[in-house]
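One structure is given below, encoded as structure tokens.
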There are 2 protein chains.
Amino acid sequence: MPESDSPRGRRTSRPSGDDRELAILATAERLLAERPLGAISVDDLARGAGISRPTFYFYFASKDAVLLTLLDRVVAEADAATLDASLLPGAGPREGWRLAITTYFETFRAHRALTLAWAEARSTNAEIRDLWARVFDQWAQRCADAIDAERARGAAPPGPSARDLAVLLTSMNERAMYATFSGDGPAVAESAVVDVLLEVWLRTIYGTAPTD
Amino acid sequence: MPESDSPRGRRTSRPSGDDRELAILATAERLLAERPLGAISVDDLARGAGISRPTFYFYFASKDAVLLTLLDRVVAEADAATLDASLLPGAGPREGWRLAITTYFETFRAHRALTLAWAEARSTNAEIRDLWARVFDQWAQRCADAIDAERARGAAPPGPSARDLAVLLTSMNERAMYATFSGDGPAVAESAVVDVLLEVWLRTIYGTAPTD
DNA sequence: CCCGTTTCTCAACACCGTGTTGACTCGTTC
DNA sequence: GAACGAGTCAACACGGTGTTGAGAAACGGG
């Protein structure tokens with residue numbers, strides 16, 4: 001098993017496998033910033049990393065496997081950020097929810113190309129779809145619990161199940177994020193989107209509807 | 001130019017071009033009910049319609065062109081239904097919005113396989129993406145106008161631009177619809193989804209948020 | 001009834017992308 | 001220095017898209 005942090009000064013005639021793997025990942029990220037996943041072939045990734053196509057398959061089982069590796073990183077980052085954000089000072093519900101939404105948004109905005117590729121690959125790859133579902137579910141459940149807590153302390157009125165509300169509101173965030181990043185079709189301006197999302201969340205959680 | 005409604009009783013040795021075209025469309029719809037668009041090849045469509053692959057290309061430029069033809073129908077149907085729905089009796093805001101959301105939802109539910117294919121093809125085909133954007137925009141604008149009208153008559157409080165709210169709420173509906181139809185990942189139960197959506201819409205439009 | 005025109009059909013082809021095979025190279029290790 | 005494992009790639013098999021060019025089938029007009 002080769003050392004993970006191979007000494008960079010050593011002059012080997014052949015770069016180590018780790019370097020190659022990293023080169024593939026870096027190439028993928030670079031190309032994704034230029035064009036959508038569907039317009040990137042395995043050959044592009046291999047050439048970008050300075051290897052041939054069959055050699056690519058020595059390192060990754062497919063193009064999607066590369067994406068999945070990159071996504072795992074982002075998901076780990078998102079998890080860490082979300083945990084940080086949950087250590088919120090008790091500055092009132094508005095700021096609490098704003099922090100939550102901002103954290104979510106900013107984490108993915110820092111990797112927008114990857115996020116868009118994620119959405120693209122979701123329709124064709126079950127593993128990638130499952131990862132998305134897992135992240136979605138975790139976030140939605142966290143929010144559902146927070147809504148229930150607010151209801152328990154009398155700060156939020158009763159209504160539909162907190163879980164259902166959280167799932168719908170999270171769907172909204174996700175789709176709004178995608179529309180904002182991709183620029184395809186109607187979207188809320190990037191500078192305003194968190195504010196408007198927050199307003200919808202707050203009104204949904206704390207507001208009431210007319211009974212006619 | 002051949003007659004559109006060709007006499008069905010005539011016994012020609014070769015079916016008319018119109019028949020072929022319809023056979024391709026019918027095959028597409030049938031196969032989409034079984035498997036996703038990506039798992040259907042041009043050859044599948046051709047064989048299903050009883051012709052060879054090159055002959056398929058005499059009728060349609062691509063697989064996506066077939067989808068687009070089918071979608072045009074659904075969009076026309078959705079437009080008609082939406083117009084009908086806007087002739088609402090003045091039964092109060094709750095029932096008005098419920099009718100709007102239900103109409104939207106039911107129209108696409110009647111063609112769920114097509115709707116899912118639409119979402120799938122959106123990421124790879126610009127024309128299909130544009131069609132989606134157009135439908136989305138039309139619906140969102142109609143809702144934005146309705147929100148402005150409610151605000152003008154003092155029934156709804158001020159807040160973020162009606163257009164932004166409408167875009168976000170429509171995003172939510174769309175994503176919720178997709179999740180419900182596809183069954184992938186967390187979703188609100190199909191029997192409840194319109195009710196919960198409606199509640200989010202009403203609270204967002206008529207409710208207010210805490211100021212902390 | 002024949003003949004030109006249009007409509008329609010498809011075998012064969014060119015192309016591109018994926019993933020596999022099997023032989024080969026090159027350090028490492030004993 | 002032999003044996004081993006890691007790494008490499010030309011060549012292949014396959015499956016998908018879209019095109020070409022040669023022709024068959026109906027149609028319509030003289």
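Reminder, nothing fancy here: chain letters follow the sequence lines and each chain counts from 1. The analysis underlying the following values was restricted to heavy atoms, covering all of them including side chains, and did not include hydrogens, waters or symmetry mates.
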A/Arg94: what forms a side-chain hydrogen bond (donor to acceptor under 3.5 Å, both in side chains) with it, not counting sequence neighbours? A/Glu199

For D/dC9, take OP1 and OP2 only and decide whether either is under 4.0 Å from a side-chain N or O of A/Thr55. yes

To the nearest Å, give me how far apart CD1 (A/Ile51) and C1' (D/dA10) are. 15 Å

Could you state the NZ-P distance from A/Lys63 to C/dT18, rounded to the nearest angstrom? 5 Å

Should the pair B/Arg35-B/Asp44 be classified as a salt bridge under the 4.0 Å nitrogen-to-oxygen rule? yes

When rounded to whole Å, the CD1 to C1' distance for the pair B/Ile24 and C/dC8 reads 12 Å

Grab the CD-C1' distance between B/Glu21 and C/dC8 for me, whole Å please. 13 Å

Counting only side-chain heavy atoms from C-beta out, which of C/dT18, C/dC8, D/dG7 sits nearest to A/Phe58? D/dG7

Report the nucleotide, chosen from C/dC10, D/dG18, C/dC8, that has the shortest atom-to-atom distance to any side-chain atom of B/Tyr59. C/dC8

Is B/Thr180 reaching over with its side chain to a backbone N or O of B/Ala176, donor-acceptor style, under 3.5 angstrom? yes

Given C/dC10, D/dT17, D/dA11, the nucleotide with the shortest approach to the side chain of A/Pro54: D/dA11

Could you tell me the separation between the CG atom of B/Leu45 and the C1' atom of D/dG18, rounded to a whole number of Å? 14 Å

Specify the separation, in whole Å, of atom CG of A/Leu67 and atom C1' of C/dT18. 17 Å

Starting from C1' on D/dC9, measure out to OH on A/Tyr57 and report it in whole angstrom. 14 Å

Please pick, from D/dG18, D/dG7, D/dC9, the nucleotide with the shortest atom-to-atom distance to any side-chain atom of A/Ser52. D/dC9

Test of understanding: with ring pair (Phe, Tyr, Trp, His ring centres under 6.0 Å), list the residues that count as partners of A/Phe136, not counting sequence neighbours. none

Separation of C/dG22 C1' from A/Arg53 CZ (nearest whole Å): 16 Å

